[in-house]
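One structure is given here, and the rest of the page talks about it.
Residue numbers run from 1 in the order of the sequence given.
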Amino acid sequence: MNGTVDLIWDVKAELGEGPVWDAARACLWFVDIKGRKLHRYEPASDGRTSWDTPDQTGFALPAEDGSLVCGVRGGLHRFDPESGAFTLIQRVEADRPQNRLNDGFVAPDGTLWFGSMDDSEETISGALYRWRGGELTRHDDGYRVTNGPALSPDGRIMYHHDTTERRIYAFDHADGFLTNKRLFAITEDGFADGPSVDVDGVLQVGLFNGWGVARFSPSGQRIGTIRLPVQTVTKAAFGGADRRDLYCTTAWLGNADKRAEQPTLGGLYRVRVETPGLPQALIRS
């Protein structure tokens, strides 16, 4: 079901994460959390631009006003691509200083959802948050490493991962609220990392130490794997004009000793797929 796997940018990210397609600018944004970098890739020109971030940053998601909202350790920041400036707009988890923010997602109504985690990956102090209209709400708690969330095409199911447990959870979602948490799937061949959903409701899950992207049907059945030439895939996200380019971030974190055999660990990859992803929503600010 998938075409050739292409290395797009050998960026050598220590912990590449959060690829997101920006349709207005026809570019892909992604971060290197541990390297404290924000990257932009422009396919039409093969343009590549990078900025330093104020601290470890788990996501950078486009907003309606043209800025990006970034999950920087300690709070949400607004990033201005023209000036390169980061501005704190919302403190997060002042009561959990050991934590940092990880993956994020924008719902069709412009709501930002994101998770937190213990930076050392030792304590179970991660949580799932919603940020809407300037109001921050904690919706779930008790994760070691959060990833996601992602939403089904009809908006009724939200998926969120506890990566170190290899568990993908599903919630019933309605009007920005979550109920009925249950186990959706387990990734036995790798750790369940960043997810995205296509128009058929198939969940694409990056496999940390799993050599690719796992694919799950809406019923939770494993229906395939997209193989990559590196073992640490952190997230897969749809992009391109027709949303059929699957961009995959990778990392060398935890596998520094494998870089001789896998020299492109930490690179940005792209796979051409048959089924398009869902449109990328913009944060309402």
Side-chain angles (χ1 to χ4, degrees), residues 16-23 28-31 33 38 57-64 67-72 76-79 90 92 100-117 126-133 135-141 143 145-163 167-178 181 184-185 192-199 201-206 213 216 218 234-239 243 246-249 276-285:
E17 254 289 6
V20 59
W21 182 251
D22 184 336
L28 186 88
W29 300 94
F30 65 105
V31 298
I33 298 175
L38 170 62
T57 300
F59 58 84
L61 297 168
E64 289 181 335
S67 71
L68 303 181
V69 175
C70 302
V72 181
L76 302 177
H77 287 63
R78 195 173 299 281
F79 171 74
Q90 173 76 61
V92 180
R100 65 170 174 83
L101 305 188
N102 205 36
D103 204 5
F105 167 78
V106 187
D109 65 356
T111 298
L112 170 62
W113 293 83
F114 64 91
S116 66
M117 58 173 281
L128 174 60
Y129 293 91
R130 183 192 72 194
W131 188 67
R132 181 168 66 178
E135 181 180 353
L136 184 67
T137 306
R138 185 179 294 165
H139 277 262
D140 196 28
D141 211 343
Y143 296 83
V145 176
T146 58
N147 264 290
L151 202 60
S152 63
D154 61 8
R156 297 175 60 183
I157 306 296
M158 182 168 282
Y159 306 99
H160 196 232
H161 304 172
D162 194 332
T163 297
R167 291 175 175 261
I168 302 171
Y169 293 103
F171 300 79
D172 291 338
H173 170 266
D175 192 31
F177 291 92
L178 305 178
K181 180 180 180 180
F184 175 77
D193 216 306
S196 59
V197 179
D198 69 21
V199 296
V202 174
L203 190 67
Q204 327 282 323
V205 179
V213 178
F216 291 92
T234 55
K235 187 164 186 174
F238 294 93
R243 304 192 305 277
L246 191 67
Y247 287 95
C248 303
T249 47
L278 297 173
Q280 173 63 42
L282 302 177
I283 297 171
R284 289 185 183 170
S285 50

Could you state the interatomic distance from [atom1] ([X]) to [atom2] ([Y]), rounded to the nearest 0.5 Å?
X: Leu203; Y: Ile157; atom1: CG; atom2: CD1; value: 11.5 Å
X: Asp198; Y: Leu278; atom1: CG; atom2: CG; value: 7.0 Å
X: Thr146; Y: Met117; atom1: OG1; atom2: CE; value: 7.0 Å
X: Phe105; Y: Ile283; atom1: CZ; atom2: CD1; value: 11.0 Å

**Prompt:** So, do His160 and Trp113 have ring centers that fall under 6.0 Å from each other?
**Reply:**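 No, the ring centres sit 6.0 Å or more apart.
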**Prompt:** Does Arg284 pair with Glu64 as a salt bridge, N-O distance under 4.0 Å?
**Reply:** yes
**Request:** Could you check Leu76, Leu112, Asp22 and say which one makes a side-chain contact (heavy atoms from CB on, under 4.5 Å) with Leu61?
**Result:**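 For Leu61, the side-chain contact (heavy atoms from CB on, under 4.5 Å) check succeeds only for Leu112.
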**Message:** For a 4.5 angstrom cut-off between non-hydrogen side-chain atoms, does Gln280 reach Phe238?
**Reply:** no
Looking at [Y], is its backbone amide N or carbonyl O close enough to the side chain of [X] to form a donor-acceptor pair, meaning the two atoms are under 3.5 Å apart?
X: Asp140; Y: Leu128; value: no
X: His173; Y: Gly155; value: yes
X: Arg78; Y: Ser67; value: no
X: Thr163; Y: Asp193; value: no
X: Thr57; Y: Ile33; value: no

**Request:** Please identify each residue that fulfils side-chain hydrogen bond (donor to acceptor under 3.5 Å, both in side chains) with Thr234, with sequence neighbours left out.
**Result:** Thr249
**Within 45° cone and under 6.0 Å: Arg167 NZ/CZ vs Tyr143 ring** =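 Output no; distance or angle outside limits.
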**Asked** Does atom CZ of Arg156 have more than 12 heavy-atom neighbours from other groups under 6.0 Å away?
**Response** no
**Prompt:** Which word best sums up how the rings of Trp29 and Phe79 line up, parallel for under 30°, tilted for 30 to 60°, or perpendicular for over 60°?
**Reply:**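 Answer is perpendicular, since the angle exceeds 60°.
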**Prompt:** What residues form a side chain to side chain contact (heavy atoms under 4.5 Å, CB included) with Ala237, not counting sequence neighbours?
**Reply:** Pro19
